[in-house]
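One structure below.
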Amino acid sequence: MHTSIDTRRIVRIEEIVSETPTVKTLVFKDDLSYAARPGQFLMVWIPRIEEIPMSAMINFKEGYAAVTIRKSGVGSTALFERKEGDVIGLRGPYGNEFALGKNYKKILIIGGGTGLVPLLRLASFAIKKRLNITMVLGARSKKEVFFEKMARKLLEPVRSSVKICTDDGSYGLKGTTVDIMSTLLRNNTFDCVYTCGPELMMKGVVDLANKNSIPVQASLERYMKCGIGICGSCCLDSLLVCQDGTVFNGKQLSKMLDFGISYRDKDGQRICYS
Amino acid sequence: MHTSIDTRRIVRIEEIVSETPTVKTLVFKDDLSYAARPGQFLMVWIPRIEEIPMSAMINFKEGYAAVTIRKSGVGSTALFERKEGDVIGLRGPYGNEFALGKNYKKILIIGGGTGLVPLLRLASFAIKKRLNITMVLGARSKKEVFFEKMARKLLEPVRSSVKICTDDGSYGLKGTTVDIMSTLLRNNTFDCVYTCGPELMMKGVVDLANKNSIPVQASLERYMKCGIGICGSCCLDSLLVCQDGTVFNGKQLSKMLDFGISYRDKDGQRICYS
Amino acid sequence: MNIDDKNNSLSVELDNVRLRNPTMLASGILGISQSIFERLYRENIGAVVTKSISVSPMKGYPNPTVIPLGGGSYLNAVGLSNPGVDAFSRELSHNKNIPIFISLVGSSEKEFSRMVKTFDSLNILGYEINLSCPHVSKMGMEVGDDPEAVNKIVKTVRMNTSKPISVKVGVGSVDVIELARVAIDAGANIITAINTLRAMSIDIETMMPILSNRIGGLSGNAIKPIGIRCVYEISKKLEVPVIGCGGVSSWRDVIEYMIAGATAVQIGSVLGSRGPRIFNQITKALLNYVENKNLKNISEIIGIAHKY
Amino acid sequence: MNIDDKNNSLSVELDNVRLRNPTMLASGILGISQSIFERLYRENIGAVVTKSISVSPMKGYPNPTVIPLGGGSYLNAVGLSNPGVDAFSRELSHNKNIPIFISLVGSSEKEFSRMVKTFDSLNILGYEINLSCPHVSKMGMEVGDDPEAVNKIVKTVRMNTSKPISVKVGVGSVDVIELARVAIDAGANIITAINTLRAMSIDIETMMPILSNRIGGLSGNAIKPIGIRCVYEISKKLEVPVIGCGGVSSWRDVIEYMIAGATAVQIGSVLGSRGPRIFNQITKALLNYVENKNLKNISEIIGIAHKY
Ligand SMILES: Cc1cc2nc3c(=O)[nH]c(=O)nc-3n(C[C@H](O)[C@H](O)[C@H](O)COP(=O)(O)OP(=O)(O)OC[C@H]3O[C@@H](n4cnc5c(N)ncnc54)[C@H](O)[C@@H]3O)c2cc1C
Ligand SMILES: Cc1cc2nc3c(=O)[nH]c(=O)nc-3n(C[C@H](O)[C@H](O)[C@H](O)COP(=O)(O)OP(=O)(O)OC[C@H]3O[C@@H](n4cnc5c(N)ncnc54)[C@H](O)[C@@H]3O)c2cc1C
Ligand SMILES: Cc1cc2nc3c(=O)[nH]c(=O)nc-3n(C[C@H](O)[C@H](O)[C@H](O)COP(=O)(O)O)c2cc1C
Ligand SMILES: Cc1cc2nc3c(=O)[nH]c(=O)nc-3n(C[C@H](O)[C@H](O)[C@H](O)COP(=O)(O)O)c2cc1C
Ligand code: FES
Ligand code: FES
């Protein structure tokens with residue numbers, strides 16, 4: 001029987017990977033999540049505690065997928081504390097996806113933290129098209145770097161380069177992802193830049209790409225209740241991150257008054273990024 | 001878009017044929033009715049007046065079908081009085097169908113009155129299989145004979161014979177359909193007998209077929225509200241005419257305590273055929 | 001009968017009657033024929049509830065009386081057509097082993113006492129009082145919306161029988177829990193929830209209401225979440241076995257109702273698409289369920305959701 | 001804007017306000033952002049109703065708060081989360097031409113008068129009072145179920161504004177017509193019917209209620225026949241414009257509500273599957289409809305079903 005993406009699937013966590021002291025990846029079997037497109041997210045139910053949006057993380061086993069959580073508030077902490085064998089609920093994947101232009105040859109993928117989750121899925125699609133991929137993984141410091149091995153293994157089959165950078169230079173290149181990007185732009189032409197990570201980082205990447213007239217796509221986050229375009233909590237200017245996004249292009253982003261500036265809290269009040 | 005049989009279709013009556021002073025055929029366009037199987041019926045809505053079960057009558061135009069009504073009580077009279085251009089509602093076709101055995105070569109179709117409706121559709125299917133068809137049309141008297149031309153035209157392409165009989169001998173052979181059938185059985189072997197018409201007539205046909213060990217199928221009528229197996233008003237022993245029928249075979253019929261004996265009134269009370 | 005439930009792992013107890021499994025026929029569905037009841041019993045049904053019976057025969061409303069709305073939902077205004085107490089007690093007079101609840105409907109205490117006096121000597125399990133049919137005046141919901149009348153009627157039935165009495169409540173204009181409480185206080189042993197909800201469908205071509213009665217009751221898939229809510233609330237607040245009803249179309253729905261607090265579950269509209277064999281299919285699936293979950297008896301899950 | 005309705009053939013009149021067409025956004029759907037309202041207006045919506053606003057900001061319930069049930073039906077217990085009167089009046093402060101009704105929710109007359117005093121100087125069409133949210137205590141339906149409170153609250157709002165007031169009623173434990181009557185007598189000009197119905201969904205694997213609040217409100221396809229019935233009954237019995245709401249997912253549903261007696265029609269849950277452009281699609285289809293049926297204005301069909 002064909003399962004609708006709206007059907008709640010209860011899945012068992014089969015494997016847990018500790019990425020950093022505050023980041024874990026939970027692996028489970030779910031055909032729909034396995035087939036998620038890059039940029040799509042799942043609504044993850046932690047029974048009787050919360051339901052939170054999570055990008056669909058890749059896993060190398062057929063039929064499997066994962067979520068990678070940074071421990072933060074109530075919901076993410078509860079998810080972080082699940083043990084192997086525990087169950088969670090899933091609906092989705094929802095949302096649009098990163099678009100790989102037909103004649104793209106060389107792309108730049110740039111992100112940080114759990115923002116790498118949709119980017120790794122993007123990379124896994126780009127590899128099938130045998131694109132030349134440069135991937136920049138940013139973090140504040142060495143102990144916050146994760147997914148490096150995963151990225152290197154994933155990109156091995158194609159012409160690619162994986163660069164790590166930290167704000168404090170404790171690992172890899174020293175500098176922010178935006179710094180690294182501007183260095184890269186000096187000697188390379190990219191058909192498109194793809195980004196996901198902290199909003200202010202993405203703002204920097206998008207502005208730089210727009211300034212250089214390079215196509216850019218960013219996957220954004222907003223507080224989400226329904227995940228399907230009903231409740232309005234994820235609104236970003238006149239768009240809905242859950243239904244019109246999560247991926248927006250440079251043109252859309254440059255017109256937004258909210259992007260990099262403000263988001264809505266749980267009660268719908270507008271809050272400014274500090 | 002695929003229309004479900006449960007969807008109410010509003011159709012315009014495009015042509016009306018007067019069959020006898022109390023019987024009319026109303027022709028309309030409806031793909032689902034056109035594709036009805038022999039023995040299936042429609043629930044015909046006469047807006048704000050009634051909804052009654054009617055066998056799906058054939059029409060020679062592609063995409064078209066019809067109902068043939070005998071004016072009787074409230075619902076059938078209202079339908080009888082519709083004019084060309086008036087609309088009626090349809091749902092269905094519902095129910096099972098007459099089965100044509102794979103290796104049947106020669107069949108007997110025997111009925112009377114509006115019972116001929118499903119039998120003509122059956123004939124139209126049997127013709128496609130190029131069976132040898134004997135059809136007996138019974139009526140009380142000459143002025144109640146109808147569908148003769150239709151039957152002859154329909155059966156022309158195959159080896160067939162159409163016989164008319166009247167109880168009073170005012171037209172065709174003299175005698176009941178059962179009388180004619182027993183004459184026919186003397187010189188013919190039929191692979192199956194199909195019947196529809198007044199219940200006591202069918203009872204005679206079925207008993208005679210069973211006695212001669214000839215497979216027999218009859219399409220029965222009972223008072224129907226829902227037409228889809230919910231309300232129970234059409235119950236016949238432990239069977240539902242709308243869902244398990246309208247067509248029953250000789251074995252089922254011979255075990256029934258109600259067949260030819262009693263039916264249920266609108267309030268569910270058991271009434272005996274006089 | 002092809003269900004082999006040696007351990008009685010599906011049997012449930014409703015007041016002082018034991019059903020071999022929790023599936024029941026909802027009132028008004030195929031509910032007037034002993035032969036049909038016997039067929040359903042061969043399909044492994046737990047118990048049947050008859051069509052609601054009144055003192056005098058009722059023809060009900062003209063057709064259309066039942067409308068399939070699509071998506072497994074239905075609208076009906078049959079108008080409580082039924083053969084009346086005398087014809088119906090003849091119908092059931094030869095019943096031996098079919099577990100039958102007779103559904104009763106009426107306007108006055110007198111009518112109910114007349115019916116129970118006639119029926120009580122039959123081989124039946126008990127009664128269900130229909131206080132929730134939403135489309136017939138002076139009966140069903142119009143009685144259910146009047147707590148004083150409910151009290152009197154249930155007391156009358158109680159005085160005339162020692163068999164279990166279920167009162168069937170619905171979403172009318174008296175809170176369902178209040179109504180259930182009044183019924184229990186007056187002597188009812190079981191609550192059945194819910195009946196259909198007042199609803200309507202208009203054909204946009206002719207611009208006419210489709211049901212001859214214009215307004216009818218909504219049943220099937222559409223109402224399941226409302227039924228689940230009512231069962232949950234009633235079973236949580238009152239100490240009484242509850243029979244769930246509304247929108248059950250699979251064994252999963254039966255389980256959901258039981259987790260919500262139902263001891264047994266009635267099945268109605270889905271017979272339109274699946275036929276009587278659905279009882280056999282569901283019962284088999286329930287047997288699988290108790291085996292897979294290692295339950296001794298299915299009753300272990302009744303009301304588990306109350307814990308959370 | 002790509003609807004060319006030169007003859008204003010779709011315009012409808014609600015009390016003394018004219019909408020360019022009968023489609024409205026239902027309260028609680030995408031209802032907190034002026035930018036979204038402007039987008040909906042570009043999609044040819046007739047008017048928007050905001051999320052229900054309370055005096056203080058409300059976070060609402062934790063997730064899960066919205067559950068897609070399949071078949072176009074949804075269950076929600078958002079818990080009336082909203083930014084509160086002050087933040088929200090800032091949100092709307094630059095509104096010029098978007099036809100907005102502000103939905104109000106609260107527990108006391110004082111709260112309502114405070115809100116109307118703040119909002120009344122904004123560029124808005126009017127108010128909708130939510131007396132029917134079925135899952136927040138001391139608000140919504142718990143007020144609606146108390147006719148005395150309804151009377152007082154509507155009178156208070158009336159005293160503080162000359163703009164039209166709609167009262168949104170639902171299927172609670174006071175008869176919907178009674179509730180509407182009380183509201184009209186207290187000074188309301190319009191009735192909106194209906195809100196969601198109290199309902200619940202339990203996950204059978206974990207055996208847990210899914211909504212954090214356990215009980216929520218059912219919306220979408222499932223409730224349309226109930227909404228149609230309420231609109232039909234209210235518009236037939238009371239002389240008042242009615243706004244239909246519940247389960248609208250196509251132009252056909254809009255027409256069915258109007259034939260039942262609705263002057264305008266709110267659209268909610270279907271945005272989950274079809275997005276904001278549904279307003280444009282429906283409006284275009286309605287324009288086709290009036291042309292094909294040779295209507296001068298769509299209002300000609302309002303309440304036609306009452307004739308039959
Ligand atoms: C499309 C999408 C994909 C996501 N993918 C991932 C992922 O792969 N891994 C991951 O760890 N997280 C991801 N998130 C973020 C994750 O959903 C949040 O961490 C989570 O909602 C926070 O929930 P909580 O219950 O832990 O925090 P809460 O207790 O609810 O809140 C913690 C704090 O975070 C604030 N907050 C909540 N949401 C946002 C927001 N959108 N923007 C700014 N502040 C916010 C709250 O106001 C509060 O102050 C994603 C979010 C979205 C929208
Ligand atoms: C499957 C099926 C197919 C049918 N096909 C046709 C058809 O092609 N053409 C046609 O003219 N008619 C057909 N009928 C019969 C038709 O539906 C009835 O004529 C109609 O229901 C009578 O309706 P009415 O409103 O005119 O009569 P009513 O005013 O409802 O009643 C007239 C009288 O007929 C009695 N009656 C009603 N139904 C039955 C019944 N099933 N058996 C015995 N008595 C009954 C009533 O009790 C009443 O006394 C069919 C019936 C069924 C069940
Ligand atoms: C055609 C029809 C007739 C009904 N008649 C009755 C009745 O006589 N008495 C009663 O208590 N409920 C009656 N009901 C309500 C059902 O018993 C049941 O409560 C309702 O249909 C919800 O269950 P379902 O969704 O499984 O159908 C009837 C329902 C239908 C569809
Ligand atoms: C997520 C959600 C939130 C809602 N919030 C409100 C609200 O704040 N105020 C209100 O009056 N109705 C609210 N409603 C009810 C809707 O306005 C509407 O009455 C109901 O959903 C039925 O319409 P629909 O079937 O088109 O969704 C909400 C509905 C949903 C689904
Ligand atoms: S999360 Fe509800 S609209 Fe996007
Ligand atoms: S007509 Fe209703 S069950 Fe057959």
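To find a chain, count down the sequence lines: A is the first, B the second, and so on, and within it residues start at 1. All values derive from a computational prediction rather than experimental measurement. Just the heavy atoms: all of them, side chains too, but no hydrogens, waters or symmetry mates, feed the values below.
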Stepwise side chain to side chain contact (heavy atoms under 4.5 Å, CB included) test for C:Lys224 and D:Ser201
CA-CA 9 Å; C:Lys224 195 190 77 178; D:Ser201 178; over 6 Å; no
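- Ranked by non-hydrogen atom pairs under 4.5 Å with chain D, the options C:Leu75, C:Val174, C:Ile228, C:Ile202 are led by C:Ile202.
- For a residue to count as touching a neighbouring chain, one of its non-hydrogen atoms must lie under 4.5 Å from one of that chain's; by this rule D:Ile226 touches chain C with backbone and side chain alike.
- Residue C:Glu233 touches chain D through its side chain alone, counting heavy-atom pairs closer than 4.5 Å.
- Scanning all heavy atoms of the two residues, the minimum distance from C:Met207 to D:Tyr289 falls at CE-OH, 3.3 Å.
- The structure places OH of C:Tyr308 at 11.5 Å from CZ of D:Arg214, a figure rounded to the nearest 0.5 Å.
- With a 4.5 Å cut-off on non-hydrogen atoms, C:Ser73 does not touch chain D at all.
- Heavy atoms of C:Leu69 lying under 4.5 Å from chain D belong exclusively to its side chain.
- Not a single donor-acceptor pair under 3.5 Å links the side chain of D:Arg229 to the backbone N or O of C:Leu197.
- Contacts between D:Lys293 and chain C at a heavy-atom distance below 4.5 Å involve the side chain alone, from C-beta outward.
- Contact of C:Val176 with chain D is not made at all, since no heavy-atom distance falls under 4.5 Å.
- Interface remark: D:Ile215 contributes side-chain atoms only to the contact with chain C (heavy atom separation under 4.5 Å).
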